[in-house]
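In the text below, chain A, chain B and the rest are named by the order of the sequence lines, each starting its count at 1.
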Amino acid sequence: MAAAERYDIIVVGGGHAGAEAAHAAARMGARTLLISMSLDALGKMSCNPAIGGIGKGQLVREIDALGGIMGIAADRSGIQFRMLNRSKGPAVWSPRAQNDRMEYAAEVRSLLESTPNLRMRADTVVDLVVEQGRVRGVVTLWGAEFTAGAVILTSGTFLNGQIHVGERRSGGGRMGEGASVGLTAVLQAHGFETGRLKTGTPPRIDGASVDYSSLEEQPGEPHASPFSYLSDGVTENQVSCWLTYTDPAVHGILRTGFDRSPMFAGRIQGRGPRYCPSIEDKIDRFADRDRHQLFLEPEGRRTQEVYVNGFSTSLPEEVQLAALRRVRGLENVHLLRPGYAIEYDYFPPHQLKYSLETKRIAGLFFAGQVNGTTGYEEAAAQGIVAGINAVQFLQGAEPVVFRRSEAYIGVLIDDLVAKGTEEPYRVFTSRAEHRILLRQDNADFRLTERGHALGLAGTERLNRMKARREALVRMREAFSRRSVSPERVNAYLASVGTTPIAEPERLVRLALRPQVDMQALLEAASMSDLSDVRIGSESIARLAEVEIKYEGYLERERDLAERMASLESYRVPGDFDFTGVTALSLEAREKLARIRPDHLGQASRISGVSPADVSILMVLLKGARVSRETPGGDGITD
Amino acid sequence: MSPAVEDTIAAVATARGVAALAVVRLSGPMAVSIADASFRGSDGRLADAPTRTLHVGHWLDGSGVPVDRVVVGLFRAPNSPTGEDVVEISCHGGLVVPARILARLYESGARPARAGEFTQRAFVHGKLDLAQAEAVADIIHAQAARAHEAAQRQLDGRFSALLGRLRDELTGFCALVELELDFSDTDQVFADLQRLRAVLRQCRGTIEDLVSHARSGSILRDGVRVVIAGRPNAGKSTLLNALVGHDRVIVSEIEGTTRDLVEVDLELDGLVFRLVDTAGIREAGDEIEAEGIRRARDAAESADIVLYVFDAEQGLQAEEEEIVYRLRSAERPVVLVANKADRAPVAAAEGSFVSISARRAVDDPRELSTLLLALRHTAAPLVRDAEDSPVLLNARHRAHLQAADEALLRVEVAMDAGVPGDLLSIDLRVALHELGCITGVITNEEVLDSVFSRFCIGK
Ligand SMILES: Cc1cc2nc3c(=O)[nH]c(=O)nc-3n(C[C@H](O)[C@H](O)[C@H](O)COP(=O)(O)OP(=O)(O)OC[C@H]3O[C@@H](n4cnc5c(N)ncnc54)[C@H](O)[C@@H]3O)c2cc1C
Ligand SMILES: Nc1nc2c(ncn2[C@@H]2O[C@H](COP(=O)(O)OP(=O)(O)OP(=O)(O)O)[C@@H](O)[C@H]2O)c(=O)[nH]1
Ligand SMILES: [Mg+2]
């Protein structure tokens, strides 16, 4: 064996978590090595060719605001862009893009290649070097050894991966790629708990065999918002998706394969995502629905490959094909590759600290699907946090932890660490109780200064954020100062169904009306000096409008966030003996002893820990403080 | 550090002062052995006795000299008031005996209890939730037997159960609204707005019910507030003196004698009436009187019952009828009292008012019987309301309920204005948070502080 090469940080796995972790660590100045089984698969989208979506779009913007790469790669490789939830409030607007699968991976690779301090290596890590509870390096399949002060494991769906199609199965981390065997056992030997999860993907079809004429088109949005605060816009040359539906006949065909389904036959033990069910699950569980929506999503500009969103399945291939051919527009479809299910090992995330460092082995960090999450964005978000904190760890600096009221990233990690997860975890806006503070339009205000201070976000990013902040202040001033005459806006006001004005009215008053969209109003009133103010393609008028319209809500939310945060000030002493508190429910005692929360806020979010349990802990933690401070009274008071 | 409560605490549980009996309470893991060190029971050591038993015997001081003959109650953990071993020593009242028993307990290893600590321990051992803990406080404060009953009922957790149901409803509503945010891109249909509206209305209705019961709750806790109002010289102060049976307030033939509000408690059939004498209502002579009259009017408007006294010789004046009418339309029960019957006898058949001579009543309580009957009769439905409701609200409960109600109102208004769901859910969560503050589902330092600081030790 050759002498070990030395690095500061080694990242194992080049998926979305690994790419972001390696980039962050290297940008912050750490000599970083990214080892992945195949360098041709860096940044590969295992499942659908899309980035963002509800909740996920916010994550991408946060990653970008901190200085990550996902937003940039998605903007450059996007072929269709939309803002979801436009009919809802601004807090849940979420950007989403269809991406060219190959382009996206190529962008990620080139972004990584141009990152200083970052080296890459194609190999499979099979062992960890651990000395006295601290990680020292890794050993690969081909016998190389690399040493480092910190290791970030981001092996995704690859650990002991098993792919199922009907009754056939084979080892693999993704269709066409081998599984990663060995690491799970190594970590188990170090005392880690492991679990088994499952996910699935739909078939890919040849677009040339689709009859689009009978399908409903879903075009992109013109002038769509990019993900990255550094992008000035996205391509207007967008590609459409297409909408079609299953029907009872399709369901009938699918049912004929149920007895050979690895899910129903019990060959798959791992838990799958409830909110992302396979088509067989949908027709089984929702038998009363006679149709399900399917989106045909193009996989790229230079390929005819199409992803059948909504048709995730692991039924036998011939059943998949027969059923697809009963779907309108797919009568003559040619299958490029069947849908499949994959089972893989994960490490229940209560074994992590908030920094994503494992509690068992110092310097070892986990990020991405290995922590029980699903989704590229969730993986990338953990990746950037692990990358940052591995550097902090080496420097002996405080870990970077985002609060739930500060970022979706904070919600994601708090949910994982505090509650653990027994099914693949996905972000939702409903998981973020402070979501109105965590909008896709203000991620830079929330995070860029922090990213810059860490050496991750560059100066240009910081300057753009400041420019946006100043423009916003000026816009709000203009709204309170300037009026608009009835002639100029009444037609617009009538068109959105709100009462016209009789006299000139200040803009701020109009912005308060729920029906009014200020960008549209300013354009209608030809106040182009306001409507044209954009930084990075984002309308500043719209940003100002959100702040004005929802001021009351924002205030109440900040209030609530503060009240909730007070629980976090109750630190749990490291040697606190939960099992001794007989007043706690048995389940709470067990969970608390296992998870060992840092503070009462975390304790309160552990499932099985009831509010009464939290009160008891509070009384005890408080009682402990009180009895040290004040001696008892004389025993008689009124 | 060990979180378990290890020390044993002691305190006098009954009010200080001259009383026939006092109770000294001891709670904690050493309670039984500490008591055994000084107690000589006729049936042996407490350590050998079963739980929930009473023992008669002598209490000895440090040198073995009997201090008092006592009855000792033994409760073993966890089935005790605090969830720990508890010993309750009933001894003779006064200042000396309880203090000597307590001193002996401290010598034997107990430590003085801090304010609210017994309740705090009960809470820690899962004996009470926050609302129940507050009910304990209300028991302490309850001055009459009836209040005790209602507080007892709250201890059963009925109030908490009701709030729990309310929170469940709202949580479901909130979940639906939020579901819609995350799955709007699917073709799923979520609960329709009309149904959501109905849930909202129902929740607000329940909250408002609870808040309005707060009034009746306070009747049991603080007594029925009876405000005596009328023109100057109608005989209000004389009547108050007659009702309480001694010369409590100044009576004179000068109009405008009473200026400030004077409150006196009167107990009737275990129910406390809080009588309030007020300044006579007329065009005020000076600034002080004007202020007194303003207070009198305010008091009448917030009374549980108004005794409106007028001079039978002069009859009820037009502007007085106006006052009575206004009070009655605000659903304030008014008992009209025609005073000075010794000078102007009124036919008893005219049942719309009670005829009385306050002057005679001062010497002869029998003169009061009709009035007392009327008072009891008027108070009865109020008391019944209070007893039927599962709630006994204190000011903190009321504040949280009102905040929850306001938040839900904002949701309703916002729904009408077409405000999107993500914003609706913010106020829904505010409402949930407020409700949680009552049952202890959402805890925070202030709440616990305010709850525990209200307890006298020993309870
Ligand atoms: C079949 C399938 C269906 C999916 N369906 C969905 C879905 O419906 N919705 C959704 O949101 N997400 C879905 N996903 C999940 C999504 O692809 C992942 O969440 C995301 O890719 C996870 O990113 P990651 O960086 O954690 O891991 P991955 O993207 O899996 O990347 C792991 C990387 O680590 C490398 N690696 C693994 N082990 C080693 C080792 N020992 N040494 C060196 N390199 C190693 C691999 O080569 C790979 O490059 C699906 C994934 C699959 C495979
Ligand atoms: N004859 C007779 N005189 C009464 C009776 N009740 C009160 N008085 C007299 O009426 C006068 C006024 O009585 P108060 O009780 O002071 O009257 P008040 O309503 O309190 O008057 P203000 O405090 O001035 O508003 C006194 O001289 C009383 O003695 C009664 O029943 N019969
Ligand atoms: Mg008087």
**Q.** Where B:Arg429 and A:His434 come nearest, the two heavy atoms and their spacing
**A.**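 Heavy-atom minimum between the residues: NH2-N, 4.2 Å.
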Q | Over all atoms of both residues, closest heavy-atom pair of A:Tyr553 and B:Leu423 | A |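 Looking at all heavy atoms of both residues, the closest pair is CE2-O, 3.4 Å.
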Q | Residue, of A:Lys549, A:Glu557, A:Arg431, that accumulates the most heavy atom pairs under 4.5 Å with chain B | A |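 Heavy-atom pair counts peak at A:Glu557.
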Q) Which residues satisfy the side-chain hydrogen bond (donor to acceptor under 3.5 Å, both in side chains) test with B:Ser425, sequence neighbours excluded? A)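 B:Ser425: side-chain hydrogen bond (donor to acceptor under 3.5 Å, both in side chains) contacts with A:Arg435.
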Q | Residues in salt bridge (Lys or Arg N to Asp or Glu O under 4.0 Å) contact with A:Arg509, at least two apart in sequence or another chain | A |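 Listed in chain order: nothing, the list is empty.
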